[in-house]
Amino acid sequence: MWIPRDGDCILTEDGFLFYVFGYEHPEDRVFAFLKYIPRKFAKLFNLEYHGRTWNLAGETLVRPTKLYTPENYVRIIETLRRRFPQYVYYCPFRRKEVVAVRKEFIREVYVPCVQLRKLLNRELKDALQREAVEFVDLLSDRSGVPLEKFGLHGSLSLGMHSEQSDIDLVVYGSRNFRRVEEAVSELEAEGVIQMIYTKKFDSKKRQRGRYKGRLFFINAVKEVNEIHERYGEKSYRPVKPVDLRCIVKGDEEAMFRPSIYKVECLDSREELEIGLNEITQVISMIGYYRNIARKGDLIQVYGMLEEVKSNLNGKTSYQVVVGSGVERNEHIWPIGESL
């Protein structure tokens, strides 16, 4: 039985290619974001597209140049609501419309660990496929993380790659990901790989580099036994935008999406009707802020304060969401970085 996890790829009956977001989903739907659009439907969306096309399962696909801007999200959800309502869902626990694929409209699911296994078992491989297998073998050997705890994302995993495509890897499990991080540091010190430090948080994330000149990415996905909450167990209510300083008390889920930082709040720039000690975590829906802080770090956070109510026992807690879709410029900054 398929358990949807962040980054699993969904091809629908209409030819849309969605990527699963997060780990809590309704029984009959999967929360996701739209990444590739059938070329025949491209004009329905008010978006700019890359110049090239991709082909999968008989579908010719195009991809928006910008996927994650608030403006593009609004455009996508408006078009889906009007022309493809089966992909829009009003979530009663968050009280807002979100993109969610009804399972009955799913044609095919591509799971990263399964796609990697298929590639490993493939007898005839092209140059990029051979490089990917060689790189995964290297990381597995150096980190001690078994091959079955790795997966393959992106166009390479779907057979849509070109000579210029990158190697987009997944590591399953928080501890396994930390072990791979250590291996990456060793390989960089030896000159086997070259990490890229051109973006603001690259030196903290250390998930982007080159192997034999080939661009690679490494991200984390939860193992099934790390998924502890089920959809509908909690309800969420936005309270107000807040600007806080916090100490990170736990980073065990910082590498996932959504990223979760357990925190102790030190102060707020606004008056709050609750105690700072009632805010226990910061959640980033934005991948840019994934894995940028570790336990003991001081961070400055601007996001939406949410009340979280358990539908099981009625208890209430509070969290700050970065990437709520309500406020602009929500962010997490490690203290000392220039804003």
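- Tyr302 and His331 have tilted rings, their planes meeting at an angle from 30° to 60° on a 0 to 90° scale.
- For the pairing with Tyr87, the ring-ring contact (aromatic ring centres under 6.0 Å, His included) check across Phe33, Phe16, Phe41 returns one residue only, Phe16.
- Electrostatic pairing of Glu59 and Arg107 counts as a salt bridge here, judged by a charged N lying under 4.0 Å from a carboxylate O.
- In this model, no donor atom of one side chain and acceptor atom of the other lie less than 3.5 Å apart for Tyr236 and Arg95.
- Shown here is Glu190, whose CD atom has more than 12 heavy atoms of other residues, nucleotides or ligands within 6.0 Å.
- Counting non-hydrogen atoms of other residues, nucleotides and ligands closer than 6.0 Å to CD of Glu27 gives a total of 12 or fewer.
- In this structure, His25 and Tyr231 have side chains that are not in contact, with every pair of non-hydrogen atoms separated by 4.5 Å or more.
- Ion pairing of Lys222 with Glu253 is present here, as a side-chain N (NZ or NE/NH1/NH2) and a carboxylate O approach within less than 4.0 Å.
- Around NZ of Lys309, the count of heavy atoms belonging to other residues, nucleotides or ligands within 6.0 Å does not exceed 12.
- No side-chain donor from either of Ser174 and Glu226 sits under 3.5 Å from a side-chain acceptor of the other.
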For residues 289-296, run the donor-acceptor check on the side chains, cut-off 3.5 Å, and write out each pair with its distance to 0.1 Å, sequence neighbours left out.
{"from": "Arg290", "atom 1": "NH1", "to": "Asn219", "atom 2": "OD1", "distance (Å)": "2.9"}
{"from": "Asn291", "atom 1": "OD1", "to": "Arg178", "atom 2": "NH1", "distance (Å)": "3.0"}
{"from": "Asn291", "atom 1": "ND2", "to": "Glu181", "atom 2": "OE2", "distance (Å)": "3.0"}
{"from": "Arg294", "atom 1": "NH2", "to": "Glu181", "atom 2": "OE1", "distance (Å)": "2.8"}
{"from": "Arg294", "atom 1": "NH2", "to": "Glu181", "atom 2": "OE2", "distance (Å)": "2.8"}

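- Among the candidates Val20, Val111, Val101, the single residue satisfying the side-chain contact (heavy atoms from CB on, under 4.5 Å) test with Pro4 is Val20.
- Ring orientation note: the planes of Tyr23 and Phe256 are nearly perpendicular, at an angle over 60° on the 30°/60° scale.
- No donor-acceptor pair under 3.5 Å is formed between the side chain of Arg269 and the backbone N or O of Asp243.
- The distance between the ring centers of Tyr211 and Phe216 does not fall below 6.0 angstrom.
- For the pair Lys234 and Glu229, the salt-bridge criterion is met [side-chain N within less than 4.0 Å of a carboxylate O].
- Around atom CD of Glu104, more than 12 heavy atoms belonging to other residues, nucleotides or ligands sit under 6.0 Å away.
- Under the salt bridge (charged side-chain N to carboxylate O under 4.0 Å, His left out) criterion, Glu182 pairs with no residue at all, not counting sequence neighbours.
- Remark: Leu139 CG to Ile167 CD1 distance equals 9.5 Å, nearest 0.5 Å.
- Taking SG from Cys113 and CG from Asp8, the interatomic distance works out to 7.5 Å, rounded to the nearest 0.5 Å.
- Judged purely by atom type and a 3.5 angstrom limit, Arg245 has no side-chain atom pairing as donor or acceptor with the backbone of Asp267.
- Judged purely by atom type and a 3.5 angstrom limit, Tyr49 uses its side chain to pair as donor or acceptor with the backbone of Ala42.
- Remark: Leu61 CG to Lys40 NZ distance equals 9.5 Å, nearest 0.5 Å.
- Glu131 and Lys212 are not joined by a salt bridge, as no carboxylate oxygen comes within less than 4.0 angstrom of a charged side-chain nitrogen.
- Of the possible donor and acceptor atoms, none in the side chain of Gln207 sits under 3.5 Å from a partner among the backbone N and O of Phe217.
- With hydrogens and angles ignored, the 3.5 Å screen pairs a side-chain donor or acceptor of Glu330 with a backbone N or O of Gly323.
- Between the side chain of Arg179 and the main chain of Gly144, a donor-acceptor pair closer than 3.5 Å is present.
- The backbone N or O of Ser259 lies less than 3.5 Å from no partner atom in the side chain of Arg257, so there is not a single donor-acceptor pair.
- Checked against side-chain hydrogen bond (donor to acceptor under 3.5 Å, both in side chains), Arg39 has no partners two or more places apart in sequence or in another chain.
- Here Phe31 contributes atom CZ and Glu24 contributes atom CD; the two are 8.5 Å apart, rounded to the nearest 0.5 Å.
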Step by step, work out the salt bridge (charged side-chain N to carboxylate O under 4.0 Å, His left out) result for Lys149 and Glu223.
CA-CA 9 Å; Lys149 299 300 182 181; Glu223 295 200 75; 2.5 Å; yes
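- For the pair Ser140 (side chain) and Val136 (backbone), a donor-acceptor distance under 3.5 Å is absent.
- Scanning both residues, Lys35 and Pro64, for their nearest heavy atoms gives O-CD, 3.4 Å.
- Of the possible polar contacts, none joining the Tyr318 side chain to the Ile274 backbone as a donor-acceptor pair under 3.5 Å is found.
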